[in-house]
Amino acid sequence: MHQKYLGRTGLVILISVLSMIPPLATDMYMPSLPELTAYYETTESLAGFSMSIFFIFMAVGMLILGPASDKYGRKPVLLASVTATMVFSALCAWAPTIGWLLLMRAVQAFGAGGMVTIATAMIRDSFEGRAMSRIISITQALTLLAPMFAPVLGALIIRSSNWKMTFVALAALMALTLAGSALLTETLPKERRNTGNIAHSILGLARAVRNRSFTALLLAGGLLTAPFMAYLGVASYIYIAGFGISETAFSLFFALTSAFSLTGPVLYMRIGPRPLGMAFAAGCAVVLISAVLLFTIARNGPVWFLLAFVPFVILSSWFRPFISDRLLSMQKHDIGAASAAMNFGFTVIGSIAMMTGSLKWGSYINGLGFTMIIFLAASMFVAAFAVRGGFLELRAREVYNDHAC
């Protein structure tokens with residue numbers, strides 16, 4: 001689909017910025033969680049829930065706004081989503097109590113859900129084959145820049161102001177995103193939209209999920225990579241409370257971890273698609289190795305923890321575009337609903353991993369290690385069940401025909 005104002009490059013940048021919202025909305029204020037806890041005189045668990053609630057309601061937004069874009073078009077739903085995220089990001093800064101903050105975060109997240117799932121749908125609208133693979137890898141790589149800089153920016157904001165300014169900065173970014181979204185040329189023409197009512201569009205979720213290959217691949221891939229969300233939930237407590245380093249030092253360690261995650265999409269662009277069985281076996285091995293390192297060497301210091309977790313970071317950032325590419329390639333219709341189902345699955349599984357890692361395991365590092373083992377076992381079970389049932393072929397390799405908008 002030709003983009004009159006944005007062009008192909010502008011479209012890729014817009015998709016990337018839309019996909020950056022979840023890491024920006026969480027990572028930028030992650031260094032301020034201890035300060036936020038003290039400000040509201042609340043518990044670490046309740047303050048940390050402001051992270052979990054974001055992902056929960058973002059998932060709800062995906063389920064509703066993704067299918068809605070199949071009926072009404074991507075652009076109008078996207079503009080509404082960006083506006084909601086912008087307004088409620090600003091309101092988070094003036095929440096008088098922790099309860100009000102959680103409420104503002106919920107609505108902020110609902111809009112962000114629309115942004116993420118519509119960004120994914122626009123990739124499928126506009127690209128196919130190897131072109132789509134490249135765009136997925138490029139946007140994934142650009143998206144991973146957010147976790148590199150967000151905690152550093154958040155720490156700098158805290159040093160010069162306080163945690164409230166992180167939300168003000170996010171609202172300002174949303175204003176720029178809204179301007180970019182206004183320049184978007186609709187990627188879903190009227191003749192390709194759902195003609196039924198909104199309920200029919202939402203039922204597109206059921207049609208996507210009924211594809212057993214789609215669901216099995218989504219579950220197996222989501223479970224394997226989900227412990228990264230557990231890391232996001234406990235990282236500040238591991239580094240700041242556990243190792244006793246400053247918020248600024250934490251932001252640098254977090255940014256370094258994110259820098260390693262750029263390796264994954266780059267590898268995927270270079271080596272291209274591979275048989276699923278080969279990729280899955282390699283992924284399981286890396287998760288197991290990283291978990292063992294967490295249990296053995298990670299408590300020796302922040303550098304050792306980083307080294308123990310980096311193999312999983314690289315695996316996760318490579319496997320996510322690998323799986324996303326295949327899931328999107330399965331869909332010809334109800335792209336918004338399929339995108340919603342995919343992103344919802346990743347988000348819900350990740351939220352469960354985040355809560356699992358936050359349980360009382362003796363230490364947050366142990367919790368992260370146990371989460372990796374539990375989710376690895378669950379992923380292997382799903383894959384084995386799907387293969388045995390005949391609806392997941394581990395030896396298949398896709399053959400692409402290049403096409404781009």
What is the minimum heavy-atom distance between [X] and [Y], and which atoms define it?
X	Y	result
S81	G114	OG-CA, 3.7 Å
I157	A169	CD1-CB, 4.1 Å
S324	M342	CA-SD, 4.0 Å
Y40	A95	OH-O, 2.7 Å
A291	M372	N-CE, 3.8 Å
L328	R124	O-NE, 2.9 Å

In Å and rounded to the nearest 0.5 Å, what is the [atom1] to [atom2] distance from [X] to [Y]?
X	Y	atom1	atom2	answer
I374	S379	CD1	OG	13.5 Å
R326	L218	CZ	CG	14.5 Å
T257	L306	OG1	CG	4.5 Å
L376	L223	CG	CG	10.0 Å
L11	T187	CG	OG1	7.5 Å
D125	S339	CG	OG	9.0 Å

Out of F312, Y239, F254, which residue meets the ring-ring contact (aromatic ring centres under 6.0 Å, His included) rule with Y231?
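The residue from F312, Y239, F254 that satisfies ring-ring contact (aromatic ring centres under 6.0 Å, His included) with Y231 turns out to be F254.
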
Given Y364, which partner from the list F309, F370, Y237, F243 fulfils the ring-ring contact (aromatic ring centres under 6.0 Å, His included) test?
Y237

Please answer whether the main-chain N or O of [Y] pairs with a side-chain N or O of [X] as donor and acceptor at a distance below 3.5 Å.
X	Y	result
T139	I136	yes
T42	T37	no
S69	G66	yes
S50	A47	yes
T120	V116	yes
S89	T85	yes
S316	V313	no
T117	M62	no
S19	I15	yes

Can you confirm whether [X] sits close enough to [Y] that some side-chain heavy atom of one is under 4.5 Å from a side-chain heavy atom of the other?
X	Y	value
S329	M132	yes
F305	L368	yes
M104	W94	no
S317	T263	no
E186	R74	yes
M122	L18	yes
M174	I21	yes
V107	F57	no

For F322, does the six-membered ring have the charged nitrogen or CZ of R320 within the cation-pi criterion, i.e. under 6.0 angstrom from the centroid and within 45° of the normal?
no

Are R105 and F88 in a cation-pi setup, meaning NZ or CZ lies under 6.0 angstrom from the ring centre and within 45 degrees of the ring axis?
no

Check the pair F253 / V303 against side-chain contact (heavy atoms from CB on, under 4.5 Å), numbers first and verdict last.
CA-CA 8 Å; F253 273 102; V303 174; 4.1 Å; yes

Basic-acidic side-chain contact under 4.0 Å: R193, D70
no

Is there a side-chain contact (heavy atoms from CB on, under 4.5 Å) between L101 and L36? Walk through the geometry before answering.
CA-CA 10 Å; L101 176 66; L36 185 147; 3.7 Å; yes

Looking at L224, I352, T225, V287, which hits side-chain contact (heavy atoms from CB on, under 4.5 Å) with F375?
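So the option named by the test is I352.
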
Using side-chain contact (heavy atoms from CB on, under 4.5 Å), reason through L156 and S160 one step at a time and then give a plain yes or no.
CA-CA 6 Å; L156 292 175; S160 60; 5.8 Å; no

How are the rings of Y39 and W163 set to each other: parallel, tilted or perpendicular (split at 30° and 60°)?
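Ring orientation, 0 to 90° scale: perpendicular.
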
Could you go through the side-chain contact (heavy atoms from CB on, under 4.5 Å) check for T185 and K75 one step at a time?
CA-CA 8 Å; T185 299; K75 186 173 180 176; over 6 Å; no

